[in-house]
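Here the structure is laid out as structure tokens; the discussion comes afterwards.
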Amino acid sequence: MLDLKFVRSNLDLINDMLKDRGYDLDLSGFQSLDKKRRSILTSLEELRYRRNKVSDQIAVMKKNGEDVSSLISEMKAVSKEIKEIEAELPDIMDQLNRPLMVIPNIPHESVVVGKDADDNPVIRRWGKIRDFDFDPLPHWEIGENLNILDFSRAAKIAGSRFSLQTGLGATLERVLINFMLDIHTNNHGYTETLPPFLVNSVSMTATGQLPKFREDLFKVDGWDLFLIPTAEVPVTNIHRDEILSFNELPIKYVSYTPCFRSEAGSYGKDTRGLIRQHQFNKVELVKFCCPEDSDQELESLTADAEEILQSLELPYRVVSLCTGDLGFSAAKTYDIEVWLPGQQLFREISSCSNFTDFQARRANIRFRRKKGSGTELAHTINGSGLAVGRTLVAILENYQQPDGSVVIPEALRPYLNGLSVIKRD
RNA sequence: GGAGAGAUGGCCGAGUUGGCUGAAGGCGCUCGCCUGCUAAGUGAGUGUGGGGCGAAAGCUCUACCGAGGGUUCGAAUCCCUCUCUCUCCGCCA
């Protein structure tokens with residue numbers, strides 16, 4: 001959410017921004033509505049002032065045994081008027097908030113103006129793309145051949161877009177989670193957290209999933225609970241409605257959670273394999289920092305995520321999302337895309353974003369530079385470090401051998417009692 | 001699921017016959033003084049959101065004592081609903 005005062009006085013800028021992002025939003029009534037809000041507020045507060053004053057007066061007069069009946073009947077009318085004006089306010093606030101809740105964040109000045117993913121500039125590439133002397137298979141064939149991925153039984157248990165991993169397929173997933181958590185806690189200084197996997201609607205609103213993206217979420221019937229689409233939601237909400245102290249910033253959390261997404265609107269897309277699932281595992285990095293540091297903190301968080309791929313020796317590239325591809329809450333986003341030789345494409349494996357104060361304003365996450373000074377909104381940054389299932393996919397496809405076996409990356413072998421290759425049973 | 005108790009400022013904790021209590025007192029914290037270090041002592045300050053005025057510092061009004069309603073001229077204090085916490089029982093990993 002953007003600042004009401006900022007929007008009020010920068011409507012032209014906002015409109016240009018919306019056009020760059022490809023949004024169609026009419027904000028023409030905004031200023032007059034806000035003016036109305038303030039005039040209502042002013043008259044309301046004047047009436048309250050009178051009521052407070054006279055009520056005190058009544059107390060004193062009563063003590064002295066004076067007659068207060070005329071004042072009371074007068075105040076009765078004032079109170080009635082206050083109530084009537086108060087009743088108007090929620091509606092006005094709602095009308096003002098509705099556009100405010102659906103205006104996306106303002107892109108960082110470094111973000112390229114563009115239409116869609118084709119306009120995303122590639123920032124850097126890492127690793128050498130392997131030359132295969134055979135036709136590399138997609139991971140679903142590798143996995144089924146090795147008996148570690150079973151999509152048909154997953155469909156029987158839960159339906160499409162679910163997966164069942166067995167034997168080393170399950171172990172590898174678990175080991176990858178540990179591997180990522182170990183690197184981020186030991187080498188990068190993140191604090192590990194294990195949050196609730198279901199959250200209430202207040203939390204979902206604070207991080208921006210609600211009200212705009214309800215159809216992407218799984219809701220628990222009969223409860224005010226949703227399955228989290230990413231650990232970003234519970235972890236960012238750790239500090240909702242808090243005032244952090246300057247010297248504890250930046251706060252850095254790493255969190256493994258399963259993620260649940262309805263993938264509404266993606267029918268027919270990536271229907272095969274582990275790429276687009278209703279449930280998947282992710283290790284998420286979340287930072288809270290002060291405004292002047294957030295650009296740099298995004299860079300370092302992205303580098304922290306990249307280090308996982310480097311350790312696993314998986315080739316990737318980093319792209320910077322253009323205005324048309326940028327997510328709703330983000331001011332700037334780097335997507336890390338891993339190379340998948342079985343499909344001959346780069347596939348997003350991490351999305352690292354600086355939300356500036358956009359999430360913090362909704363979630364009411366502030367900090368104070370020193371005792372007695374005012375509060376400021378913190379900046380929030382997060383990114384995957386990494387999507388676990390897609391990392392497994394990348395390993396299967398990049399490390400596959402002509403005989404159908406898959407070599408285990410060196411860095412993972414200590415986690416697997418030295419196992420160096422997954423072979424057919 | 002059943003029975004009971006509670007929710008006040010960064011923390012602890014008063015306030016429950018409704019009215020100078022945005023909130024006593026204590027702790028913590030910040031700034032100053034004093035004591036040649038440390039400890040102790042001492043003075044002052046120390047919530048957030050919103051509105052108005054102001055270039056700013058600031059001044060002023062308003063709201064907030066778990067959340068939302070209600071009663072009343074007036075509510076932290078009374079009534080209702082909800083949420084959360086704690087204790088006991090039941091159940092369970």
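Every chain is numbered from 1, with letters handed out A, B, ... down the list of sequences. Values in this document were obtained by computation on a predicted structure and should not be read as measured data.
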Using distance only, find each side-chain donor-acceptor pair of residues 348-356 of chain A under 3.5 Å and give its atom names and separation, not counting sequence neighbours.
residue, atom, partner, partner atom, Å
A:Ser350, OG, A:Ser384, O, 2.6
A:Ser351, OG, A:Asp335, OD1, 2.8
A:Ser353, OG, A:Thr333, OG1, 2.7
A:Asn354, OD1, A:Thr356, N, 2.8
A:Asn354, ND2, A:Ser294, OG, 3.0
A:Thr356, OG1, A:Asn105, ND2, 3.1

Check your understanding: A:Leu244 CG to B:rU48 P: how many Å, rounded?
Key -> 14 Å
Exercise for review: Would you kindly give the CD1-to-P distance between A:Ile92 and B:rG51, to the nearest whole Å?
Suggested key: 14 Å
Review point. When the distance from CZ of A:Arg368 to P of B:rU46 is rounded to whole Å, what number comes out?
Key: 13 Å
Exercise for review: List for me each residue that meets side chain to side chain donor-acceptor pair (under 3.5 Å) alongside A:Arg51, sequence neighbours excluded, and say none if there are none.
Suggested key: none
**Study point:** Gap between atoms CD1 and C1', on A:Ile365 and B:rG49 respectively (whole Å)
**Key:** 17 Å
Point to revise | Spacing of the P atoms in B:rU85 and B:rA24 (rounded, Å) | key: 30 Å
Review point. Taking A:Glu376 as the fixed residue, which of A:Arg361, A:Arg369, A:Arg368 is the one that meets the salt bridge (charged side-chain N to carboxylate O under 4.0 Å, His left out) rule?
Key: A:Arg369
**Study point:** Between A:Ser55 and A:Asn52: side-chain donor-acceptor atoms closer than 3.5 Å
**Key:** no
Check your understanding: Got more than 12 heavy atoms from elsewhere within 6.0 Å of NZ, A:Lys36?
Key -> no
Check your understanding: Cut-off 3.5 Å, side chains only: do A:Glu192 and A:Tyr256 have a donor facing an acceptor?
Key -> no
Review point. For residues 189-224 of chain A, which residue pairs qualify under ring-ring contact (aromatic ring centres under 6.0 Å, His included), counting only residues two or more places apart or in two chains?
Key: A:His184-A:Tyr190, A:Phe213-A:Phe328, A:Phe218-A:His278
Point to revise | Pairwise P distance, B:rC29 and B:rC86 [rounded to whole Å] | key: 29 Å
Review point. Any side-chain N or O of A:Arg37 under 4.0 Å from OP1/OP2 of B:rG51?
Key: yes
Practice item. Please check if the side chain of A:Asn97 supplies one atom and the backbone of A:Leu100 the other of a donor-acceptor pair under 3.5 Å. Key: no
Practice item. Establish, with yes or no, whether the OP1 or OP2 oxygen of B:rG52 is under 4.0 angstrom from a side-chain nitrogen or oxygen of A:Arg38. Key: yes
Check your understanding: What string of B, S and - do you get for nucleotides 54-79 of chain B, 5' to 3', when a contact is any protein heavy atom under 4.0 Å?
Key -> -------BSS-------S-BS-----
Study note, to complete from the structure: Residue pair A:Ile243/A:Asp34 against RNA chain B: nearer the 5' end by closest nucleotide is A:Ile243
Check your understanding: Which value, in whole Å, describes the distance between the C1' atoms of nucleotides B:rG41 and B:rC34?
Key -> 8 Å
Practice item. Assess whether salt bridge (Lys or Arg N to Asp or Glu O under 4.0 Å) is satisfied between A:Asp270 and A:Arg347, documenting all intermediate values. Key: CA-CA 11 Å; A:Asp270 306 317; A:Arg347 172 65 74 170; 2.8 Å; yes
**Study point:** Whole-angstrom distance between B:rU87 and B:rG45, as gauged at atom P
**Key:** 41 Å
Point to revise | Distance, C1' atom - from B:rG13 to B:rG6, rounded to whole angstrom | key: 14 Å
Point to revise | A:Lys35, NZ: over 12 other non-hydrogen atoms inside 6.0 angstrom | key: no
Practice item. For the residue pair A:Pro258 and A:Ile228, establish whether any side-chain heavy-atom pair is separated by less than 4.5 Å. Key: no
Point to revise | For RNA chain B, the residues among residues 193-207 of chain A that have a non-hydrogen atom under 4.0 Å from it | key: none
Practice item. Check the distance between B:rG18's C1' and A:Lys63's NZ and give it to me in whole angstrom. Key: 13 Å
Exercise for review: Could you check A:Ile308, A:Thr391, A:Thr257, A:Val388 and say which one makes a side-chain contact (heavy atoms from CB on, under 4.5 Å) with A:Val283?
Suggested key: A:Val388
Practice item. Pick the C1' atom in B:rA5 and in B:rU16, then give their distance to the nearest Å. Key: 16 Å
Exercise for review: For nucleotides B:rA56 and B:rG74, find the distance between their P atoms and express it as a whole number of Å.
Suggested key: 37 Å
Point to revise | Donor on one side chain, acceptor on other, A:Asn364 and A:Asp241, under 3.5 Å | key: yes
Check your understanding: Looking for any heavy atom pair under 4.0 Å, which part of the strands does A:Lys80 touch: base, sugar-phosphate only, or nothing?
Key -> nothing
Point to revise | Whole-Å gap separating C1' (B:rG9) and CD (A:Glu242) | key: 16 Å
Check your understanding: Which whole-number value in Å describes the distance from A:Asn97 CG to B:rG50 C1'?
Key -> 13 Å
Practice item. For A:Asp224 and B:rC82, give me the distance from atom CG to atom C1', rounded to whole Å. Key: 12 Å
Check your understanding: Starting at the 5' end of RNA chain B, what dot-bracket string do you get if Watson-Crick and G-U pairs under 3.5 Å are bracketed, crossing pairs use [ ], other-strand pairs use | and unpaired bases use dots?
Key -> ((((((((.[[[..)...(.....]]]((((((.......))))))(((((((....))))))).[[[[[..)....]]]]])))))))....
Review point. If you measure from the C1' atom in B:rG25 to the same atom in B:rC84, how many Å do you get, rounded?
Key: 28 Å
